[in-house]
Amino acid sequence: MKCQKKYMQLYAVTDRAWAKEQSLYEQVEAALKGGVTAVQLREKHLSEEEYIKEACEMKKLCAKYGVPLFINDNVKVALACHADGIHVGQNDMDPEEVRALVGDDMMIGVSAHSVEEAQEAVRKGADCLGVGAAFATSTKSDAKVLPPDMLQAISKSVDVPIVAIGGINRDNLPQLAGTGISGVALVSAIFAAKEIEQETRALFQMTEELFG
């Protein structure tokens with residue numbers, strides 16, 4: 001499955017920490033109704049059995065809305081739920097190893113923080129890149145904020161869709177215009193919102209104007 005630029009426009013990354021009044025499933029469905037163009041399921045504390053069960057449910061939900069599901073880091077879970085994609089970080093499995101395990105039909109996303117990392121990831125088979133941190137973020141306290149011109153430099157250096165991630169919200173999103181990215185990956189900007197569907201709709205409109 002080839003990664004299309006449109007999938008990266010408004011890429012939602014789940015965070016169970018915000019699932020309080022609603023279940024994570026309900027939150028994701030609200031985001032899908034609001035217009036997210038891809039969902040990445042990220043779980044750090046579920047057992048493998050629970051993770052696979054949840055991933056299979058999320059895959060059905062995303063398919064209902066015609067939106068690709070990416071699994072964070074876990075090849076076994078991605079294969080078990082027939083995910084559309086898998087995303088790996090620099091310290092996770094090598095993209096070539098991932099490709100050998102998942103075959104040609106699954107998209108592979110890779111995190112990159114420099115031109116060198118981006119080019120290496122693409123050389124090894126990455127279909128799309130997550131680049132950040134774009135801004136200071138509470139989700140990953142150890143994430144280093146990229147210099148303002150780095151996003152543009154990375155975008156010019158590779159020919160795959162790029163999504164910016166890290167501390168992005170409605171207020172600072174316009175600062176990413178003209179960087180050459182395909183869209184943004186959001187965590188709390190979507191899932192910490194009181195009215196997720198409504199907030200996502202507003203974010204979709206912004207990203208459509210900036211990157212559509």
Side-chain angles (χ1 to χ4, degrees), residues 3-44 58 61-62 65-70 72 85 87 89 109 111-113 128-155 160-212:
C3 184
Q4 298 178 41
K5 182 186 172 187
K6 65 179 182 180
Y7 297 153
M8 300 290 107
Q9 182 182 323
L10 186 56
Y11 184 111
V13 182
T14 67
D15 186 344
R16 184 168 288 278
W18 302 109
K20 292 164 185 170
E21 292 176 16
Q22 288 181 303
S23 68
L24 188 65
Y25 185 96
E26 288 170 329
Q27 287 192 320
V28 170
E29 182 154 40
L32 287 163
K33 285 178 179 175
V36 295
T37 54
V39 173
Q40 183 185 133
L41 184 62
R42 184 167 66 186
E43 292 286 9
K44 298 292 185 186
M58 290 292 183
L61 177 62
C62 289
Y65 289 87
V67 167
L69 174 71
F70 285 75
N72 189 63
H87 185 89
S111 298
H113 315 91
C128 51
L129 299 175
V131 176
F135 303 102
T137 171
S138 58
T139 307
K140 285 194 173 182
S141 54
D142 59 341
K144 290 179 182 173
V145 178
L146 296 180
D149 57 350
M150 183 58 75
L151 266 178
Q152 193 164 34
I154 291 173
S155 297
V160 299
I162 289 176
V163 63
I165 188 166
I168 303 166
N169 55 46
R170 223 201 289 194
D171 294 333
N172 58 28
L173 216 166
Q175 294 176 42
L176 300 173
T179 56
I181 61 173
S182 302
V184 290
L186 305 177
V187 188
S188 60
I190 290 175
F191 293 109
K194 214 164 190 178
E195 299 290 341
I196 291 174
E197 184 179 344
Q198 191 177 327
E199 183 64 18
T200 305
R201 196 166 278 120
L203 287 162
F204 178 83
Q205 188 62 45
M206 287 185 77
T207 56
E208 183 76 0
E209 290 167 9
L210 291 167
F211 315 116

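Positions are given from 1 along the sequence.
By the side chain to side chain contact (heavy atoms under 4.5 Å, CB included) test, Gln205 pairs with Glu209, sequence neighbours left out. With sequence neighbours excluded, the residues forming a side-chain hydrogen bond (donor to acceptor under 3.5 Å, both in side chains) with Arg170 are Glu199, listed by chain and number. Shown here are the side chain to side chain contact (heavy atoms under 4.5 Å, CB included) partners of Ile162, two or more places apart in sequence or in another chain: Leu129, Val131, Ile154, Ser155, Val158, Ile181. With sequence neighbours left out, Glu208 forms a side chain to side chain contact (heavy atoms under 4.5 Å, CB included) with Gln9, Phe204. Tyr25 pairs by the side-chain hydrogen bond (donor to acceptor under 3.5 Å, both in side chains) definition with nothing, not counting sequence neighbours. Judged as a side-chain hydrogen bond (donor to acceptor under 3.5 Å, both in side chains), and not counting sequence neighbours, the contacts of Gln4 are Tyr7. In this structure Asn72 satisfies the side chain to side chain contact (heavy atoms under 4.5 Å, CB included) test together with Gln40, Arg42, Lys44, Tyr51, His87, sequence neighbours excluded. In this structure Glu29 satisfies the side-chain hydrogen bond (donor to acceptor under 3.5 Å, both in side chains) test together with Lys64, Tyr65, sequence neighbours excluded.
Taking all atoms of both residues into account, the shortest heavy-atom contact from Val67 to Val36 is CG2-O, 3.5 Å. Taking all atoms of both residues into account, the shortest heavy-atom contact from Pro174 to Leu210 is CA-CD1, 4.0 Å. Residues Ala164 and Ala134 share a closest heavy-atom pair of CB-CB, 4.5 Å. Nearest heavy-atom pair across Gly178 and Gln152 is O-NE2, 3.1 Å.
Atom-to-atom distance recorded for Leu69:CG and Leu61:CG is 9.0 Å, nearest 0.5 angstrom. Note that CD of Glu21 is 11.0 Å distant from CD of Glu26, once rounded to the nearest 0.5 Å. The CG atom of Leu10 sits 11.0 Å away from atom CE of Met206, with the distance rounded to the nearest 0.5 Å. A distance of 4.5 Å separates CZ in Phe135 from CG in Leu176, rounded to the nearest 0.5 Å.
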Hey, mind stepping through Leu186 and Thr200 against side-chain contact (heavy atoms from CB on, under 4.5 Å) and telling me if it holds? CA-CA 10 Å; Leu186 305 177; Thr200 305; over 6 Å; no

For Met58 and Val28, what are the C-alpha separation, side-chain angles and deciding distance, and is it a side-chain contact (heavy atoms from CB on, under 4.5 Å)? CA-CA 8 Å; Met58 290 292 183; Val28 170; 3.8 Å; yes

Residues Val163, Phe211; criterion side-chain contact (heavy atoms from CB on, under 4.5 Å); working and verdict: CA-CA 10 Å; Val163 63; Phe211 315 116; over 6 Å; no

Start with the C-alpha distance between Cys128 and Phe70, add both sets of side-chain angles, then the distance that settles side-chain contact (heavy atoms from CB on, under 4.5 Å), and finish with yes or no. CA-CA 11 Å; Cys128 51; Phe70 285 75; 4.1 Å; yes

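Between the Asn169 side chain and the Asn172 main chain, a donor and an acceptor come within less than 3.5 Å of each other.
The salt bridge (charged side-chain N to carboxylate O under 4.0 Å, His left out) analysis of residues 175-186, with sequence neighbours excluded, yields no pairs.
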Show every donor-acceptor pair shorter than 3.5 Å between a side-chain atom in residues 191-198 and any protein atom, with sequence neighbours excluded, or say none if there are none.
| unit_1 | atom_1 | unit_2 | atom_2 | d |
| --- | --- | --- | --- | --- |
| Glu197 | OE2 | Arg201 | NH2 | 2.8 |

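Contact annotation: the side chain of Lys6 never approaches that of Thr37 to less than 4.5 Å [non-hydrogen atoms, C-beta and beyond].
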